[in-house]
Amino acid sequence: MERQSAMAITELISRRRFTVDEYHRMAEAGILGEDDRVELLEGEIVEMSPIGWRHQACVDRLIYRLVPALQGRAILRPQGPIRLSEDSAPQPDLVVLRPRADFYAEGGPGPGDVLWLIEVSDTSLRYDRDVKVPLYARHGVPEVWVVDLEGEQVVVYRGPRPEGGYRLAEAYGRGARVAPQAFPDLELVVDEVLG
């Protein structure tokens with residue numbers, strides 16, 4: 001009975017959706033602080049999972065490996081926002097962007113600027129896989145890697161479809177090697193990524 005009541009109330013409540021510009025103004029006004037772990041997805045401000053030590057270590061390993069390999073070829077943005085649309089500005093763990101002289105100071109990167117994107121998942125696998133990956137696909141992000149720390153694999157998504165989802169989803173376990181499409185010479189060993 002309580003569940004039905006909660007569902008009925010939820011159906012009666014209209015939600016206020018926000019644009020990326022409104023979201024940024026909330027941060028400028030101090031409504032959202034620097035330490036708030038939130039992102040804007042399809043107009044809703046979503047609380048992000050806290051970053052654990054294992055998650056951060058994986059991001060650090062990737063940065064350590066990718067910075068020298070991408071020097072002069074791309075911009076590596078750790079845990080920063082990308083503007084997918086007027087109402088979505090997720091903050092993936094790592095984004096590899098097309099080089100730009102201003103490093104996107106004059107306007108944040110959009111989906112056309114993204115060469116490759118990485119989400120690291122320990123407790124957030126379902127959210128990353130079922131919510132964020134389809135969102136990235138709908139906006140044309142060409143390649144997404146989900147590092148599944150619990151499953152000890154890297155799932156590579158390629159070939160975005162406008163209706164959501166990717167044409168290819170391939171899992172690579174320990175011992176495997178994989179390279180992003182944008183940088184085929186940049187081969188990573190899954191064991192190096194997972195630690």
Side-chain angles (χ1 to χ4, degrees), residues 19-21 23-24 26-28 32-42 45-52 54-122 124 127-129 131-149 154-158 160 166 178-188 192-193 195:
T19 66
V20 172
D21 292 334
Y23 175 69
H24 287 294
M26 283 188 259
E28 291 166 6
L32 298 173
E34 284 185 24
D35 295 332
D36 288 330
R37 295 237 343 116
V38 295
E39 59 189 343
L40 185 69
L41 297 182
E42 298 183 317
I45 298 171
V46 178
E47 193 167 1
M48 296 165 55
S49 298
I51 296 176
R54 190 172 173 208
H55 181 285
Q56 187 61 58
C58 181
V59 172
D60 291 345
R61 275 191 299 278
L62 285 163
I63 291 170
Y64 182 80
R65 176 69 167 86
L66 296 178
V67 165
L70 296 173
Q71 186 73 37
R73 302 198 295 167
I75 296 171
L76 180 64
R77 174 172 285 188
Q79 299 168 336
I82 56 171
R83 184 183 191 136
L84 293 180
S85 65
E86 288 302 311
D87 66 355
S88 290
Q91 294 186 40
D93 289 299
L94 289 168
V95 182
V96 178
L97 300 167
R98 294 182 192 288
R100 208 165 91 180
D102 72 344
F103 284 80
Y104 297 92
E106 298 300 316
D113 300 308
V114 177
L115 298 170
W116 169 35
L117 184 149
I118 302 172
E119 291 283 3
V120 176
S121 301
D122 44 9
S124 61
Y127 175 68
D128 290 336
R129 182 190 61 216
V131 175
K132 292 181 85 175
V133 167
L135 180 68
Y136 295 139
R138 283 195 303 278
H139 292 285
V141 173
E143 183 167 1
V144 176
W145 289 15
V146 175
V147 179
D148 175 4
L149 294 174
V154 175
V155 182
V156 176
Y157 298 89
R158 293 180 177 144
Y166 284 83
V178 61
Q181 284 182 321
F183 304 99
D185 61 310
L186 178 53
E187 190 174 72
L188 297 174
E192 292 174 341
V193 175

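These numbers come from the heavy atoms of this one structure, side chains and all, not from hydrogens, waters or symmetry mates. We number each residue from 1, following the sequence as shown.
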Treating [X] as the side-chain partner and [Y] as the backbone partner, does any N or O pair qualify as donor plus acceptor under 3.5 Å?
| X | Y | answer |
| --- | --- | --- |
| R158 | E143 | no |
| Q79 | P92 | no |
| H55 | D122 | no |

[X] and [Y]: which non-hydrogen atoms are nearest, and at how many Å?
| X | Y | value |
| --- | --- | --- |
| C58 | V147 | SG-CG1, 3.8 Å |
| P109 | P81 | CG-O, 4.0 Å |
| P90 | L84 | CG-CD1, 3.7 Å |
| R129 | Y157 | CG-OH, 3.5 Å |
| A137 | P160 | O-CB, 3.5 Å |
| I63 | P68 | O-CD, 4.4 Å |

**Report entry** Residue pair D93, R77: steps toward the salt bridge (Lys or Arg N to Asp or Glu O under 4.0 Å) verdict
**Finding:** CA-CA 8 Å; D93 289 299; R77 174 172 285 188; over 6 Å; no
Can you find a pair of side-chain heavy atoms, one from [X] and one from [Y], that are under 4.5 Å apart?
| X | Y | result |
| --- | --- | --- |
| V141 | L135 | no |
| I118 | L66 | yes |
| D185 | R73 | yes |
| L117 | L94 | no |
| L62 | V193 | yes |
| F183 | V96 | yes |

Query raised in the report: Side chains of S121 and D128: is there a donor and an acceptor less than 3.5 Å apart?
Result: yes
Report task. Kindly indicate, with the supporting measurements, whether the criterion side-chain contact (heavy atoms from CB on, under 4.5 Å) is fulfilled by V154 and V146. Result -> CA-CA 6 Å; V154 175; V146 175; over 6 Å; no
Query - Ring geometry between W145 and W116 (parallel below 30°, tilted from 30 to 60°, perpendicular above 60°) - result: perpendicular
**Report entry** CA sep, side-chain torsions, deciding dist, call: R98, L115, side-chain contact (heavy atoms from CB on, under 4.5 Å)
**Finding:** CA-CA 6 Å; R98 294 182 192 288; L115 298 170; 3.3 Å; yes
**Report entry** Criterion side-chain contact (heavy atoms from CB on, under 4.5 Å) on L76 and V67, from CA distance to verdict
**Finding:** CA-CA 7 Å; L76 180 64; V67 165; 3.8 Å; yes
Report task. For E119 and K132, run salt bridge (Lys or Arg N to Asp or Glu O under 4.0 Å): C-alpha distance rounded to whole Å, both residues' side-chain angles, the deciding distance at 0.1 Å, then the answer. Result -> CA-CA 9 Å; E119 291 283 3; K132 292 181 85 175; 2.8 Å; yes
Requested in this report: Would you please test I82 and V114 for side-chain contact (heavy atoms from CB on, under 4.5 Å) and show each step?
Outcome: CA-CA 9 Å; I82 56 171; V114 177; 4.1 Å; yes
Query - Sidechain N-carboxylate O distance under 4.0 Å for R65, D60 - result: no
Query raised in the report: At what distance, to the nearest 0.5 angstrom, does CZ of F103 lie from CD1 of I75?
Result: 5.0 Å
